[in-house]
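A short worksheet on the structure shown next.
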Protein chains: 2
Amino acid sequence: MSMTTLWERSRQVAVQAILDTAVRLFAEQGYEQTTIAQIAREAGISQRSLFRYFGTKEDLVCGDQEALGELLKRTVEQQPAEMSAWDALRAGFEVILTANHPPERALELSRLIFDTPSLHARYIEKRLRWQAELVPVIRARLGSGPGRPAPDTQAKAIVATVFACIDTATELWAGHDGRIDLADLYDQCLAAVRDHG
Amino acid sequence: MSMTTLWERSRQVAVQAILDTAVRLFAEQGYEQTTIAQIAREAGISQRSLFRYFGTKEDLVCGDQEALGELLKRTVEQQPAEMSAWDALRAGFEVILTANHPPERALELSRLIFDTPSLHARYIEKRLRWQAELVPVIRARLGSGPGRPAPDTQAKAIVATVFACIDTATELWAGHDGRIDLADLYDQCLAAVRDHG
DNA sequence: CGCCTACTTGGCATTAACTGCCAGAAAGGC
DNA sequence: GCCTTTCTGGCAGTTAATGCCAAGTAGGCG
């Protein structure tokens, strides 16, 4: 794996150093009040190189979403074919949860994102890309009975709803300082939507 | 009504001129490729004043959301008490539809928003503020039976889902160039989510 | 070891979105 | 017609982000 050698490795070290510095400064003085110049200075790297590692300031917080999106898509695809769209998505969500940062860090990041409008927007933008990629995967799982909406409409609606519930659950979770299990909150959100009566 | 006189009126004129110029240029050359300087020049106003009317470039597209949010909240509140949360929200959505721009313009704006990731994200972010304001209104409408999630969780999940469906329906509507009724699409999205089987 | 190539790094200049400041014009009340 | 209030425009400055180029550094090879 680590065949591409030293370049690769020192890159990882630099990325981690930048990330630690950035998150610390964001927590200390807020996202908007922290400049790229300051992060670069304290991380001992040039501003120019920082932008090569992280294309935007927002990526310092929402950066590793790309990888998680890939993982999510693959996990959902690999669920048994007889599993419903809802259950497959739920399984994907579960995997993401365990693959994510240590909970303490995830909590810190979540708070930062939900409290900072520009970050929140960028986070949503990344999430929208996951959604678009998941739609075909979900469509393949739908029984196309008569009197049902077009499969594409169904798939888009289901995926959008699942993400809305993930988002809601995450916000509640951050609001409770992580004391309530995130998966439980997700199930409650989905139950509130899907259970009639 | 127009008691605050000429200032108010010429402000409206300027705002409309800026808006028309901006939307036209965005449609012609894309959002990212259009600069504030160009919009100001072609609208015959200084860059500085443009920023006084519209705090950010994104507000040129997503600006009038504030007013619509107020209308939505009031409409939902005023639905009869025995109406379910879902039906009350649907009634609010219906009112927004008729109060919105002329459909041709709405279509153009929708396309712009859905084709421009940063705009789409900002648009959703503004809507999240509507969501937060609607949660207490919806919570008041929930029957709090036993074995149900906490009312706050329920309300948040329901509101988030409704907006996810509105968003999905609008995207589909723009994709079909407005040839399919938006309210119908919304109903289809919600049916895909709520109907089991 | 020395050399050549491939890739990375850092500094410099530039752009675009904003923001603060201040002088000057225009509107409204008297 | 004056005086206050409010708006406008220009100018300078900040910050995020991008392109360019020269200098450095890893890796393979003789």
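Naming: A, B, ... by sequence-line order, numbering from 1 per chain. Just so you know, these numbers use all the heavy atoms, side chains as well, and skip hydrogens, waters and symmetry mates.
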TODO: Round to the nearest Å and state the distance from B/Gln33 atom CD to C/dA17 atom P.
DONE: 11 Å
- [ ] Check the distance between D/dA16's P and A/Gln38's CD and give it to me in whole angstrom.
- [x] 10 Å
Task: Atom-to-atom span, CZ of B/Phe54 to P of C/dA16 - whole angstrom - done: 21 Å
TODO: Figure out the CD/C1' separation between A/Glu8 and C/dC7, and round it to whole Å.
DONE: 12 Å
Open item on the list: Rounded to whole Å, how long is the line connecting atom CG of B/Leu6 with atom P of D/dC7?
Closed with: 12 Å
Open item on the list: Can a donor-acceptor pair be found, under 3.5 Å and without considering hydrogens, that links the side chain of A/Glu70 to the backbone of A/Glu66?
Closed with: no
Task: Heavy-atom check, side chain of A/Leu182 versus side chain of A/Phe93, under 4.5 Å - done: yes
Open item on the list: The side chain of B/Trp7 is closest to which nucleotide in this list: D/dA16, C/dA17, D/dT6?
Closed with: D/dT6
Task: Spacing of A/Ile45 atom CD1 relative to D/dT25 atom P, expressed in whole Å - done: 15 Å
TODO: In sequence, state the C-alpha distance, the side-chain angles, and the governing distance for A/Ile36 and A/Phe51, and then conclude on side chain to side chain contact (heavy atoms under 4.5 Å, CB included).
DONE: CA-CA 9 Å; A/Ile36 291 282; A/Phe51 274 116; 3.8 Å; yes
Open item on the list: Both B/Gln47 and A/Lys57 contact DNA chain D. Which one's nearest nucleotide lies toward the 5' end?
Closed with: B/Gln47
Task: Short side-chain N/O contact from B/Thr5 to OP1 or OP2 of C/dG28, under 4.0 Å - done: yes
Open item on the list: Test of understanding: clusters of I, L, V, M, F, W, Y form through side-chain heavy atoms closer than 4.5 Å, transitively. Do B/Phe54 and B/Ile113 belong to the same one?
Closed with: yes
TODO: May I ask you to verify if any side-chain N or O of A/Ser49 is less than 4.0 angstrom from the OP1 or OP2 atom of C/dG10?
DONE: yes
TODO: Can you tell me the distance, in whole Å, between the CZ atom of B/Arg11 and the P atom of D/dC7?
DONE: 9 Å
Open item on the list: Rounded to whole Å, how long is the line connecting atom CZ of B/Arg52 with atom P of D/dC11?
Closed with: 15 Å
Open item on the list: Less than 4.0 angstrom between a side-chain N/O of A/Tyr53 and OP1 or OP2 of C/dT9, yes or no?
Closed with: yes
TODO: Counting heavy atoms from C-beta on, name the nucleotide in C/dG20, C/dA17, D/dT6 closest to the side chain of B/Phe51.
DONE: C/dA17
Open item on the list: Mind checking if A/Thr34 touches a base, just sugar-phosphate, or nothing, with heavy atoms under 4.0 Å?
Closed with: sugar-phosphate
Open item on the list: Given C/dA16, D/dT18, D/dA16, identify the nucleotide with an atom nearest to the side chain of A/Arg48.
Closed with: D/dT18
TODO: Indicate yes or no for a side-chain donor-acceptor contact from A/Arg122 to the backbone of A/Asp59 under 3.5 Å, with no hydrogens or angles considered.
DONE: no
